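So that the names make sense, note that chain A is the first sequence line, chain B the second, and so on, each numbered from 1. Keep in mind that this is a model prediction, so the values were computed, not measured. Heavy atoms only: backbone and side chains are in, while hydrogens, waters and symmetry mates are out.
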Amino acid sequence: MTGLTFRKKAEPEQRLDLSGLTAGRLAGLSASEIAALAIGTTRETVRVGDMFDLSGDDPASIRFEGGSERFDRVGEAMETGEIIVDGDAGVRLGRAMTGGRITVTGSVGGYAGSVMGGGVIDIRGDAGERLGAPLAGERSGMEGGTIKVGGKAGARAADRMRRGTISVAGDAGPDAGSRMIAGTLIVGGRAAGTPGRLMKRGTLILAGGAERFAPTFLDNGPADLLILKVMARSFSAGEVGSVPFEDMAMRRLGGDTAVLGLGEIFLPL
Amino acid sequence: MLTRLKNGHVVDPANDRDAVGDLFVKDGVVVAPPPSGTAADEEIDCSGLVVMAGAIDIHSHIAGGHVNTARLLLPEYHQAFQARPGLTSLSKVGWTTEETGLRYAEMGFTTVVEPAMAPTAALHAHLELADTPIIDKATLVVLGNDDLLMTMIREGESESAIADYVAWTVSSSRALGVKCINAGGSAAFKENVRKFDFDDVVPDYGVSSRQIVKTLQKAVGDLGIPHPLHVHCNNLGVPGDSSDSIEATIRAAEGDPLHLAHIQFYGYGTEGKRRFSSRGQQLAELVNAAPEVTVDIGQVMFGQTVTISSDELRQFAGRGQASPKKSVIFDHEANGGGVVPMNYKEKSFFNALQWAIGLELFLLIENPAQVFFTTDHPNGAPFTTYPDIFALLMDRGVRQRWLDALPKAVAKMTTLGEIEREYTLNEIATMTRAAPARLLGTTDRGHLGEGAVADIAIYRPGEDKTAMFGKAAYVLKDGELVVKDGSVVKRRYGRALTLRPEADKAMKSRLDRYFDEKYGIPARWLEVPEHAIGRTDPFKVVPCRS
Amino acid sequence: MDIAWIDGKPATREDALQAAAGLIGKSRQPLIAGLRTDVAGLRTAFDLARRCGGVVDHCDSDAVYPLVTALRDSGAFLGAPAEMRRRADKILIVGDRALETGGDLVRWVVEGEPDLGVRTRASKRGIMAIGSNGAASLEGADVTRIACEADDLIDLLGLLRAQLAGHRLGKGPVAEEELGRIAEFLKHAGFGCVIFAPEELGELGTEQLLGLVSDLNAETRFSTVPILAVPDAFGAALYATWSSGYPLRVNLGTEVVQHDPALYAASRQLVGGETDLTIWIDALEGEGNAPASSATSIVLSCEPPSSGDAPAVAFAVAKPGRDHDGVLYEPRFGSFVPVSASSGGEGAASDLPTVATLLEDLTAELGAVAKAA
Amino acid sequence: MPELSEPMVVNGISIDDSFAEAFPMSGTAIQITAVNEKWALQAATTMTGFATSVIACGCEGGIERLLSPDETRDGRPGVRVLFFGFDPGGLEKQVTTRLGQCILTCPTAACYADLDTEQSIDLGSAIRYFADGWQISKKFEDKHFWRMPVMEGEFLCEAKTGVTGDGVGGGNLLLMARTVDQALRASEAAVAAMRNVRDVIMPFPGGIVRSGSKVGGKYKGMMASTNDAYCPTLKGVTDSALGPEIGSVLEIVIDGLTADAVSNAMRAGMKAVVDLGPEEGALRIGAGNYGGNLGPHHFHLKELAP
């Protein structure tokens, strides 16, 4: 068995729903059955075979050769296996996934890792808005697992996050960590807007500082805390990899006291 | 065109029919068998099938501002929103008017009553109903927390003046009856009162729940509105206080017709270490002893749902238990209301006992014409759970299996396990067809006698009652085949059944003045003109009793 | 008088319908937007969208989305304007936009004195305005004004929540004693009401404000009247909710309705380039906020076609409430109301088709085109 | 009393044909770290004080070994500590009480799980309320910590640690010598060797107990009383297990997370005693048992002999 490869034939004219192309959903399907799967999002039917040349046969290891910002819902709800996208991906990458690993060499659209419960998403480029965040109405965002972004993230990363770790190497768009319930967001670059707005609990580590904070965050002063050391060691040894705050002297802010106020933001001292 | 439904087991308690035979339909109505030798244009072979009138749901929140707010509040339970293949009981209902009509029709329901239409939301409700396909619809208009009624009672205005006001409200809102929800309770809540009993008085008006209920009961009777006043009692869901409230309300019927809604939520005592117990048996006995009272159950089933109620006080109190944790509370003219999501869990002692109390009431109230089949959709459960409830009522073994899956502590608190009764097909037909039609005064339906509208549900009987009632073999609406093998084969629109009681002209000008002076809005905003509905012939008027 | 145009040139209605149906027939992903019409028009717009697998949005749904989003994320307390008018003894106006975009409604709510309720009737209505320069326009009303930059409103609301909850708070946009004054004002309401424009506060700000009101209800009674710059957008959202399950921004081109508030926003659809045909409905007062787009368009408008790039097909349509009876969302009522054709005046336009009849005809024409194909 | 048939003799030391009879116990392990070894040891020593016998102390506990910074979770010096009890519930009560009184209180100390099993007992989860609402739950990389603000800074404590039902309590060696000095030298040599074995502790003072006991006694309510058969001063007046050459006996009791760990410890201890020789140390090695009918674990000395 060799991994299943979808080679992009041409740039799609419509957005594609690729949520059906995961190990669990493709198990037991023949190449011709896979080629016949509908992936369109408009009245005009588009099938896998129209968009991709297929090779290989093992759905536990899927590769998209050539990506597109119109490749939506890649790895949605996946439970196991690996997906690699050589190029960009669209919205809702890895939404609600519970296990396995997705690697994207390019950039992705909004809502990557939305409400994911487990597994690993590794985005080498940039992530769009609402990384790990819930869709409308959902009460919690990311619930577990790891998201790693090599570039920058869009607005509201880690919104309503409840568990797991997000690490963004570059800058974060406005209002990162909004309404956080728990979990950890690490930003290597600078955070725009008002990070942590309405956060109840959880940890924001903003190694590159931030634009501003709400007055309902209170300065707790320098914080040379063991937990940071333990986290840094633990992350370095795991999927997250090296973190920007290792050995960095930090200051802690507590808030948002407009709500529960038990969240924390770490900044360089 | 003459259609012959051939050789079915016709169950039509209104006409004392419970035997195999033919049924004939012509021009949308049931007709007498034609002279022998007349060939039918169309024949449906009903051999081995059960033929009943289309079912009538007297209490199901399917349209209006609060229902739409529930849709708005909970997008995450719409099936399209789920990570595949996740489905919740709510996503199975679907959220749209379209799905509501189709799912009801597939189960053989052909008339559904939206029971809580605020006068100010009448047009909105009727617009949604107009978009609800296949079934006929009706509404109950809500009074009892409105400034004008309470002012009229306080000022000691005449019974006829009050009846005129009620007549205007029913007529302009195109309702089929009058509902009273926690009479005075919502008004009191606006005054920051957080608990309201039957004999408590609304601040500023000095009128009690009892006075409001009695006044409306009288007006409804005097106007000849067929459906008795439909009452949602005080203290819904509060252990102890709920059962006290409903007992007081039943006693207050005093021999005149009164309908009490979703009484399951009032069958709660305070015994046991969790201070929560069943008073199902006592409540059933009270109902059995009060033949002038009719009730519906509001059965709780397990799973995600959402409570939708104009009982603003109760919904506010319940928002702490919201699951997921979000809710919308409305402060409207008169009732207001609230939308609070709820997830009834099999493993929860409280939820499991609620489930058992509902079934106790179904089974211990003796007369199937006195108790009606509801989940108070979607408050106790979505209406798509009905097939399961039919099975629970008709099969003691099914009940026992469900009971066995519940927390052990529940079995000790309910008599459900010992109740032997199993509903017969005839009793089911009484409860869901004959009796509701009588209760609503819609004599053209709920039975299969000559002249009845040909709303007919045909089921494939079997051991599995859930399957039987979940997907009708055939459904005819106004004589037209709309469902086959549980799937809709023809979309069409039904009508809204309404009353048109005449209000005194003076009342109309008084109300024009009242709404203009007090609220700064024209009274015509509360009227539902026929043109607004945008369907041909949208209403069907049901006569009042003379 | 011309009633239809093809490529900017007057055409017969039949030809225009045929041309429009042809465009729809060829379209991969039509966008049905604008949606500035009455309920009957909305109904036919959705019917058409289902028929041709379109994406549906209102041109000004941006004005209502902050409210929709905050409500469905965290819930809300909402008051009917007419009830607040009679009952609220303390009214807090937050920000500038509410008066800018809904000045008449705001003035209508705050004018006069409360006449309902023991707790409220006795007291003279108190009005406090924070960050609202326009509050000066509330003539005759006794308004306490507290200055606050628009950008700082969310912070200020947060400080109020922290203060009322007894939590610690830092230095914010208003002085400590000012903050205390607002908090006292809120706490002593018999029945309070907050008036604000969700658009100005955004999603998080609206959630913050609704959270404040929820907190206040632990002790006293409070509700809100959100002011929406384009009320018919909210009416369209309500219609969309019962018809499709979601408040606009839906894609009806797939087996189950898809909803994505970002992806299926009209503005995003046009920018994203996936839409190849726009069906733009604009039959109400005021200009619809049409985003620039290179997509081919079919326009239904109650205004004469403007000069400039002509749409591929255009129709003149009647305006509900002027030319014909209909049902519109009315912000004072917080619901739908029937409207009647006004007599006289611009009566000349009354021969025009309604949006509903035109779209019905277009849908029928689609059927004919499909049959011919 | 076991039959003393056919002793084997190694390096002039007689090894009884006997066995140590041991019982299943619930066992757990934690890691205590601090700013330096001194404070890590201080915390561990305090926490394992008064933890010699489960009967009277509620649990048996001890320091397994020192941990280098490379081995600890936070890169600071640390100590691995084991505790044993009758059941997970009782063990949890003891561990969390000691945690609250001895680690929470100790400057710079932190506490982590150090046993990975399916079943767990609370650590930080049990004492978090000390933080009066300011406690912070932190979960990452499948680990769960509680952070409790304290006057010194922040006390970091893992939420739970593993607990095993495969623990073994009551492995033992009886070292019999001519004199007290020789018995003590032999015992010290054995304990030193056994401390290099993983997953075991010797819970008595310095790892050694002089007051070996038998079950019950003549006084009502005594669960255990002096092991008169091995008391040299009672030779002649009681049914003694000691020959005339034995003047003093000391015992080493071993608790381990597994039966293998206990075997390994006994083997290492016996080797040290044998290597020391009869002149410097013990003349005879025995083991305590109850006839083999009470405890499921039988560690036969002959099988473990060097």
K.L.:
Considering all heavy atoms of both residues, which atom of A:Ala258 and which atom of C:Gln208 are nearest to each other, and what is their separation?
P.N.:
CB-OE1, 3.7 Å
K.L.:
Decide if atom CD of C:Glu219 counts as having more than 12 heavy atoms of other residues, nucleotides or ligands within a radius under 6.0 Å.
P.N.:
no
K.L.:
Is there side-chain contact between A:Glu138 and C:Asp73, with heavy atoms separated by less than 4.5 Å?
P.N.:
no
K.L.:
Tell me which of these, C:Ser74, C:Ala262, C:Pro30, has more heavy-atom pairs under 4.5 Å with chain A than the rest.
P.N.:
C:Ser74
K.L.:
Listing request: all salt bridge (charged side-chain N to carboxylate O under 4.0 Å, His left out) pairs with a residue in residues 257-269 of chain A, at least two apart in sequence or in separate chains.
P.N.:
A:Arg252-A:Glu264, A:Glu264-D:Arg147
K.L.:
Measure distances from A:Leu260 to the heavy atoms of chain C and classify the residue's part below 4.5 Å as side chain, backbone, both or neither.
P.N.:
backbone
K.L.:
Which region of A:Asp175, side chain (C-beta onward) or backbone (N, CA, C, O), has a non-hydrogen atom less than 4.5 Å from a non-hydrogen atom of chain C, or is it both or neither?
P.N.:
side chain
K.L.:
What residues form a ring pair (Phe, Tyr, Trp, His ring centres under 6.0 Å) with A:Phe213, not counting sequence neighbours?
P.N.:
none
K.L.:
Based on non-hydrogen pairs under 4.5 Å, which of A:Arg179, A:Arg139, A:Gln14 is most in contact with chain C?
P.N.:
A:Arg179
K.L.:
Counting only heavy atoms not in A:Glu79, do more than 12 fall under 6.0 Å of its CD?
P.N.:
no
K.L.:
With a 4.5 angstrom heavy-atom cut-off, is it the side chain or the backbone of C:Leu156 that approaches chain A, or both, or neither?
P.N.:
neither
K.L.:
Heavy atoms only, distances under 4.5 angstrom: which of C:Gly211, C:Gly172, C:Gly53, C:Gly158 has the most pairs with chain A? Name it, please.
P.N.:
C:Gly158
K.L.:
Check this for me: A:Arg70, atom CZ, are more than 12 non-hydrogen atoms of other residues, nucleotides or ligands nearer than 6.0 Å?
P.N.:
yes
K.L.:
Where the side chain of C:Arg161 meets the backbone of A:Thr257, is there a donor-acceptor pair that is under 3.5 Å apart?
P.N.:
no
K.L.:
Let's test your reading of the structure: which of C:His167, C:Arg28, C:Arg168 forms the most heavy-atom pairs below 4.5 Å with chain A?
P.N.:
C:Arg28
K.L.:
Looking at CG of C:Leu169 and CZ of A:Phe217, how far apart are the two atoms once the value is rounded to the nearest 0.5 Å?
P.N.:
13.0 Å
K.L.:
Check A:Pro215 against C:Lys171 and note the closest heavy-atom contact, atom names and distance.
P.N.:
CB-O, 3.2 Å
K.L.:
Does atom NZ of C:Lys26 have more than 12 heavy-atom neighbours from other groups under 6.0 Å away?
P.N.:
no
K.L.:
Do the side chains of A:Glu44 and C:Ser27 get nearer than 4.5 Å, heavy atoms only?
P.N.:
no
K.L.:
For C:Asp276, which atoms come within 4.5 Å of any heavy atom of chain A: side chain, backbone, both, or neither?
P.N.:
neither
K.L.:
Considering residues at least two apart in sequence or located in another chain, which fulfil the side chain to side chain contact (heavy atoms under 4.5 Å, CB included) criterion with A:Arg163?
P.N.:
D:Lys139
K.L.:
Among C:Gln29, C:Glu274, C:Gln258, find the residue that satisfies the side-chain hydrogen bond (donor to acceptor under 3.5 Å, both in side chains) test when tested with A:Arg15.
P.N.:
C:Glu274
K.L.:
Could you go step by step and tell me if C:Asp155 and A:Thr216 meet the side chain to side chain contact (heavy atoms under 4.5 Å, CB included) rule?
P.N.:
CA-CA 7 Å; C:Asp155 284 351; A:Thr216 39; 5.8 Å; no
K.L.:
Applying a heavy-atom distance below 4.5 Å, give me the residues of residues 248-255 of chain C that approach chain A, sorted by number.
P.N.:
C:Asn251, C:Gly253, C:Thr254
K.L.:
By a 4.5 Å heavy-atom criterion (distance strictly below it), what part of A:Asp72 contacts chain C: side chain, backbone, both, or neither?
P.N.:
side chain
K.L.:
In terms of heavy-atom proximity below 4.5 Å to chain C, should A:Ser178 be classed as side chain, backbone, both, or neither?
P.N.:
side chain
K.L.:
Considering residues, nucleotides and ligands other than C:Glu176, do more than 12 of their heavy atoms fall under 6.0 Å from its CD?
P.N.:
no
K.L.:
Taking the side chain as C-beta and beyond, is there a heavy-atom pair between C:His259 and A:Leu135 under 4.5 Å?
P.N.:
no
K.L.:
Decide, yes or no, whether a salt bridge links C:Arg268 with A:Glu129 under the criterion of side-chain N to carboxylate O below 4.0 Å.
P.N.:
no
K.L.:
Give the C-alpha distance, both sets of side-chain angles, the deciding distance and a yes or no for salt bridge (Lys or Arg N to Asp or Glu O under 4.0 Å) between C:Glu203 and A:Arg130.
P.N.:
CA-CA 13 Å; C:Glu203 290 176 12; A:Arg130 313 238 182 181; 2.7 Å; yes
K.L.:
Around atom CD of A:Glu11, are there more than 12 heavy atoms of other residues, nucleotides or ligands at under 6.0 Å?
P.N.:
yes
